[in-house]
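As structure tokens, the structure follows; a few thoughts come after it.
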Amino acid sequence: MAKAPVLTPQAEDFPRWYQDVLAKAELADNGPVRGTMVIRPYGYSLWERMQAEMDARIKEAGAENAYFPLFIPESYLTREAEHVEGFSPELAVVTHAGGKELEEPVVVRPTSETVIGEFMAKWVNSHRDLPLLLNQWANVVRWELRTRIFLRTSEFLWQEGHTAHASEADASAYAHRILLDVYRDFMVNVLAMPVLVGRKTRQERFAGATNTLACEAMMGDGKALQMGTSHELGQNFAKVFDISFQDSAGAQQTAWTTSWGTSTRMMGGLIMCHGDDRGLRIPPRLASTQVVVLAIRDEGGVVDAVRRLGDELRSAGVRVKVDDRTDTSFGRRATDWELKGVPVRVEVGPRDLAAGEVTIVRRDTGEKRQSPIAEVAHRVEMLLQVIQDDLLAEATRRLEERTAEVATIDEAREAAATGFARIPWANLGEEGEAALAEHAVTVRCLQRADGTVPRSEDEDGVVAVVSRAY
RNA sequence: CGGGCUGUGGCGCAGUUUGGUUAGCGCGCUUGACUGGGGGUCAAGAGGUCGGAGGUUCGAAUCCUCUCAGCCCGACCA
């Protein structure tokens, strides 16, 4: 009776499971150029949902969308010393165009601090022009050697926010606000992923930043994934690009800038956080399809009934798909929707209809329940909420169970084999950090004991969260 | 940069050591019948410059030379 599993079981080979899910759930393919990816319609529909939810939060935080060019003069990159040092190994540079060698090569943007800095300088003249809060949705290119779809690709999609402020305090507050009110809020409440927030160590800091903040999540195999970062850039870019303004006293001042980003990497996080041996499990609030109404067989008015149910759910505000492809076997279709992680299936067959009922199935637990037809919309709406909460609770439980409180570097290394370790930063330090790196264990972030973001790494009681990472 | 491995229908592979007619298999795909409450069964089909170029030979997926691409290990870099 036991059929060959559709996916490689997670416990057998997690990376293989990940690849299987990408293919079977029709999320993405490898592109023809090494390290590139093709995002398929179902995968892209999930990304569009992420964009919509993120975009609303970004705008709520006051930033406006704009668009800057893909091509950046190479000379821009070289202006900020750390920035160019950090990015030059992975730049794609265009040296020829229009059949000729270019006088000045242009780089394909790996990130846009430099072009945006150039224009901020032009647009900012007075303290009344600040804060300047910009965001763009774009693709970027970083030539990566080891690539994995969604997690690390040479080209990926993201949003990058860039802001300029009149004071360091204002810039810092905004970078923190984005981290907490936009990124963490989205990840916890929409993706149902518990994330740790904290500061990056000097080692892990963004090239050109004075401080990098991050959201880190735990995947199903206990490894960490950085889900989003928010940087305080100090005056590094403002000085180099001359983003300056006259303050209310008439004095010329240099602005303070921030940048922050989240990318299609979150897709990888979503897959590896909630996925199980049967495929994806998409949290309802994110799902592009929250419910599929499935006709088991074309008999006894089943097809009409599923269409009516689909309309009813749609008008109740549920994102619903009707599957009446009765020329494909029920088992095949049920498995396909399960692989795609659609949170709820409403299965309707002749037996159900004869009883005036339908079968409601939860993807997360596999639990099936009969429901009177008249109650479907109500029950489905309740269930979507429950599933959302349960997925978050389950991921939170795993994070807690697989996080160890340790005191020594050896203990930290041992704990990182299966999950996260929290070790006092005073017990680790940059030397300990380097020692752990020898074992592919890195400091994901520095936190206060209560999980909040410290103002500096020198604060008393700062804890380092260490683990293996993607 | 050095070492190793692999290139054969969409995907995964066998065949290569020891050259020999129409290059196989699984999955997927097409068509039909029977089916139908968790990837159905059976039947009939479609689909191939064997990575590329050159060579040896009566004859090359198979042997030789060159070349391209990908993967793994090491080195380098962080």
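Note on naming: letters A, B, ... go to the chains in the order of the sequence lines (proteins, then strands), and numbering restarts at 1 for each one. We use all heavy atoms of the structure for the numbers below, so side chains are in, but hydrogens, waters and symmetry mates are not.
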Can you list the residues that meet the salt bridge (Lys or Arg N to Asp or Glu O under 4.0 Å) rule with [X], with sequence neighbours excluded?
X      : result
A:E74  : none
A:E204 : none
A:R444 : A:E216
A:E367 : A:R362, A:R369

Under the 6.0 Å and 45° cation-pi test, does A:R148 pair with A:F150?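 A:R148 over A:F150 ring: no.
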Cation-pi check, A:K340 onto A:Y42 ring (under 6.0 Å, within 45° of axis):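 The answer is yes, since A:K340 meets both limits relative to A:Y42.
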Euclidean distance for [atom1], [N] against [M] (whole angstrom):
N     : M     : atom1 : answer
B:U65 : B:G4  : P     : 14 Å
B:U57 : B:G52 : P     : 23 Å
B:G48 : B:G7  : C1'   : 15 Å
B:U41 : B:C50 : C1'   : 34 Å
B:U30 : B:G70 : C1'   : 32 Å

Please report the distance, rounded to the nearest Å, between CZ in A:R16 and P in B:C71.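 Rounded to whole Å, this separation is 16 Å.
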Pairing pattern in dot-bracket form [Watson-Crick, G-U; both distances under 3.5 Å; | = partner strand] for RNA chain B: ((((((((.[[[[.)....(...]]]].((((((.....)))))).....[[[[[..)....]]]]])))))))....
Shortest non-hydrogen contact between [X] and [Y], atoms and distance:
X      : Y      : value
A:M219 : A:R398 : O-NE, 3.7 Å
A:P283 : A:L191 : CG-O, 3.4 Å
A:R455 : A:S172 : NH2-OG, 3.1 Å
A:R49  : A:L286 : NE-O, 2.9 Å

Could you go through residues 292-301 of chain A and list every donor-acceptor pair under 3.5 Å that involves a side-chain atom there, pairing it with any protein atom two or more places apart or in another chain?
residue, atom, partner, partner atom, Å
A:R297, NH1, A:E299, OE1, 2.8

Every protein N/O lying under 3.5 Å from an N/O of nucleotides 25-29 of chain B:
none

Assign the ring pair A:F156 / A:W158 to parallel, tilted or perpendicular, where the plane angle (0 to 90°) is split at 30° and 60°.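 The arrangement is perpendicular - the two ring planes meet at more than 60°.
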Can a donor-acceptor pair be found between the side chains of A:H162 and A:S259 at a distance below 3.5 Å? no
Can you list, in residue-number order, the parts of residues 199-210 of chain A that come under 4.0 Å of RNA chain B, counting heavy atoms only?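 Within residues 199-210 of chain A, no residue comes under 4.0 Å of RNA chain B.
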Could you list by number each residue of residues 358-371 of chain A showing a heavy-atom separation from RNA chain B of less than 4.0 Å, or answer none if no residue does?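 Output list: A:T359, A:V361, A:K368.
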Using the side chain to side chain donor-acceptor pair (under 3.5 Å) criterion, which residues pair with A:W137? Sequence neighbours excluded.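 Listed in chain order: A:D55.
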Are any of the side-chain heavy atoms of A:Q447 and A:L196 separated by less than 4.5 Å? yes
For nucleotides 34-36 of chain B, list the nitrogen or oxygen atoms of the protein found under 3.5 Å from its nitrogen or oxygen atoms, one pair per line.
residue, atom, partner, partner atom, Å
B:G36, O2', A:R297, NE, 2.9
B:G36, N2, A:T326, O, 2.3

Do any side-chain atoms of residues 83-94 of chain A form donor-acceptor pairs under 3.5 angstrom with protein atoms, and if so which ones, sequence neighbours left out?
residue, atom, partner, partner atom, Å
A:H83, ND1, A:A207, O, 3.0
A:S88, OG, A:V84, O, 3.0

